[in-house]
Amino acid sequence: MDYKEMLASIDKSRVPQHIAIIMDGNGRWAKKRLKNRLFGHRAGAQTIREVVECGVDFGLKYLTVYAFSAENWNRPEAEIKGLFKLLLEFLKKEIDEIHANNVCVKLLGSEERLDPAYLASINNTLKLTWNNTGLQLRIAFNYGGRQDIVQAVKKISQKSISGEIDPESINQELIESYLYTRDMPDPDLLIRTSGELRISNFLIWQIAYAEMWFTDKLWPDFTRVDMVQAVLDFQNRNRRFGAL
Ligand code: IPE
Ligand code: IPE
Ligand code: MG
């Protein structure tokens, strides 16, 4: 089947609402080509473009891609700087096309440690799309799942002390309303490339019942055909949520 045929075979009544992707393997992809890691990150950015277009093709509502984890601060400074520069360049270059597709793009994560001027340039680029009603693209950047829970607990605790929240009323919905993902449903499908079988602190609360889909392909080699294959495999699974 080619891409078009695969797209047509998606059951439109059961598309995942939210796909989350751990885009991994850029460094290894570059190494195989005897290039530096940033060469791999640049190639990986093109794959983001491809999966966004693919999501638009089959009517995906939410797509969250992991671009920089809270733990990625442990990388060499040159790589971190390169990644930051690449993200801004990529968004500036792609924003008109993204906007034309009615896609809304926002960052997801902490502002801690980020230069406010840098954040402002990212958001100035993205705000063109903020009223768009199509695919909701979230770029998890300076994101950590545990950090997300910690910031939520802090806010809830402050409001508990001030009397705005009755501790007895704390439930899952309340906690969810304080997470960075408060305006999105939980991911139905989590994709990770590069053969690593781990979560690496991504959306740990939100993926409680997500279906996992792993591939050995490195992120720059991932294509829209792989994305649709993941959706088709998802549609062949039986989600029970603990019931029978
Ligand atoms: C994923 O690729 C992108 C980021 C984490 C920013 P990596 O940079 O982790 O590539 P590998 O895993 O070293 O190959
Ligand atoms: C996870 O990939 C983070 C992103 C894709 C942004 P890493 O390459 O940082 O994860 P580990 O170190 O292999 O767990
Ligand atoms: Mg990696």
Side-chain angles (χ1 to χ4, degrees), residues 3-4 6-23 45 47-67 90-91 94-109 122-123 125-141 143 145 148 152 172-173 175-193 199 202-215 219 222-241:
Y3 176 64
K4 280 224 169 103
M6 287 175 79
L7 262 190
S9 68
I10 292 177
D11 176 351
K12 292 281 186 242
S13 69
R14 284 171 59 243
V15 287
Q17 272 202 88
H18 182 179
I19 297 180
I21 307 182
I22 302 174
M23 313 183 287
T47 309
I48 302 183
R49 188 196 153 107
E50 179 151 345
V51 296
V52 170
E53 283 172 3
C54 175
V56 170
D57 285 344
F58 69 85
L60 180 65
K61 292 214 175 71
Y62 298 91
L63 175 64
T64 306
V65 295
Y66 206 6
F90 171 76
L91 292 172
E94 299 291 329
I95 202 69
D96 289 329
E97 177 90 17
I98 287 171
H99 183 52
N101 277 316
N102 195 24
V103 175
C104 166
V105 197
K106 291 179 184 166
L107 292 186
L108 182 87
I122 296 257
N123 284 324
T125 310
L126 298 184
K127 70 183 178 203
L128 170 72
T129 70
W130 286 350
N131 289 323
N132 288 345
T133 55
L135 175 66
Q136 298 296 307
L137 173 63
R138 297 294 177 270
I139 299 177
F141 184 75
Y143 180 85
D148 191 358
Q172 294 185 26
E173 288 70 34
I175 292 174
E176 277 160 11
S177 72
Y178 284 86
L179 295 173
Y180 292 132
T181 47
R182 63 183 75 83
D183 57 347
M184 321 165 80
D186 287 341
D188 304 294
L189 174 60
L190 175 79
I191 295 173
R192 183 172 189 149
T193 58
I199 301 303
F202 192 37
L203 301 173
I204 51 173
W205 169 286
Q206 297 86 342
I207 60 168
Y209 268 101
E211 294 295 326
M212 310 277 167
W213 195 90
F214 296 103
T215 172
W219 179 247
F222 188 82
T223 66
R224 56 189 189 163
V225 167
D226 298 313
M227 175 95 157
V228 174
Q229 190 58 56
V231 171
L232 293 174
D233 290 348
F234 168 85
Q235 294 192 323
N236 276 322
R237 296 193 192 173
N238 181 8
R239 301 180 83 193
R240 285 186 287 275
F241 298 98

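For the single chain, residues carry numbers from 1 onward in sequence order.
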Shortest non-hydrogen contact from [X] to [Y]?
{"X": "R138", "Y": "D183", "value": "NH2-OD2, 3.7 Å"}
{"X": "P185", "Y": "Y62", "value": "CD-CE1, 3.2 Å"}
{"X": "A210", "Y": "P187", "value": "CB-O, 3.5 Å"}

- Item | For I139, the option from L108, I122, L126, L91 that meets side-chain contact (heavy atoms from CB on, under 4.5 Å) | L91
- Message: If we check side-chain contact (heavy atoms from CB on, under 4.5 Å) with L63, which of these qualifies: V105, V56, L137?
- Response: L137
Is the number of heavy atoms from other residues, nucleotides or ligands under 6.0 Å of [X] [atom1] greater than 12?
{"X": "N131", "atom1": "CG", "result": "no"}
{"X": "K4", "atom1": "NZ", "result": "no"}
{"X": "E173", "atom1": "CD", "result": "yes"}
{"X": "K61", "atom1": "NZ", "result": "no"}

Do the side chains of [Y] and [X] get nearer than 4.5 Å, heavy atoms only?
{"X": "I10", "Y": "L232", "result": "yes"}
{"X": "V51", "Y": "W219", "result": "yes"}
{"X": "F202", "Y": "T64", "result": "yes"}
{"X": "Y143", "Y": "L107", "result": "no"}
{"X": "V15", "Y": "L60", "result": "no"}
{"X": "T129", "Y": "V103", "result": "no"}
{"X": "M6", "Y": "R224", "result": "no"}
{"X": "F234", "Y": "I191", "result": "no"}

- Item | Donor-acceptor contact below 3.5 Å, side chain R14 vs main chain Q235 | yes
- Message: The criterion is ring pair (Phe, Tyr, Trp, His ring centres under 6.0 Å); which residues satisfy it with F141, sequence neighbours excluded?
- Response: F68, F84
Spacing of [atom1] belonging to [X] relative to [atom2] belonging to [Y], to within rounding of 0.5 Å:
{"X": "M184", "Y": "Q136", "atom1": "CE", "atom2": "CD", "result": "7.5 Å"}
{"X": "L189", "Y": "Q17", "atom1": "CG", "atom2": "CD", "result": "12.5 Å"}
{"X": "S177", "Y": "R182", "atom1": "OG", "atom2": "CZ", "result": "8.0 Å"}
{"X": "L203", "Y": "L179", "atom1": "CG", "atom2": "CG", "result": "9.5 Å"}
{"X": "F58", "Y": "L7", "atom1": "CZ", "atom2": "CG", "result": "8.0 Å"}

- Query: Does anything in residues 205-214 pair up under side chain to side chain donor-acceptor pair (under 3.5 Å), and if so which pairs, sequence neighbours excluded?
  - Reply: D148-Q206, E176-W205, T181-Q206, E211-R237, W213-D233
- Task: Could you go through the side-chain hydrogen bond (donor to acceptor under 3.5 Å, both in side chains) check for D186 and H18 one step at a time?
- Result: CA-CA 7 Å; D186 287 341; H18 182 179; over 6 Å; no
- Item | Test side-chain contact (heavy atoms from CB on, under 4.5 Å) applied to D226 - qualifying residues, sequence neighbours left out | K217, F222, T223
- Message: If you apply the rule side chain to side chain contact (heavy atoms under 4.5 Å, CB included), what do you find for I21 with I48, and how did you get there?
- Response: CA-CA 10 Å; I21 307 182; I48 302 183; over 6 Å; no
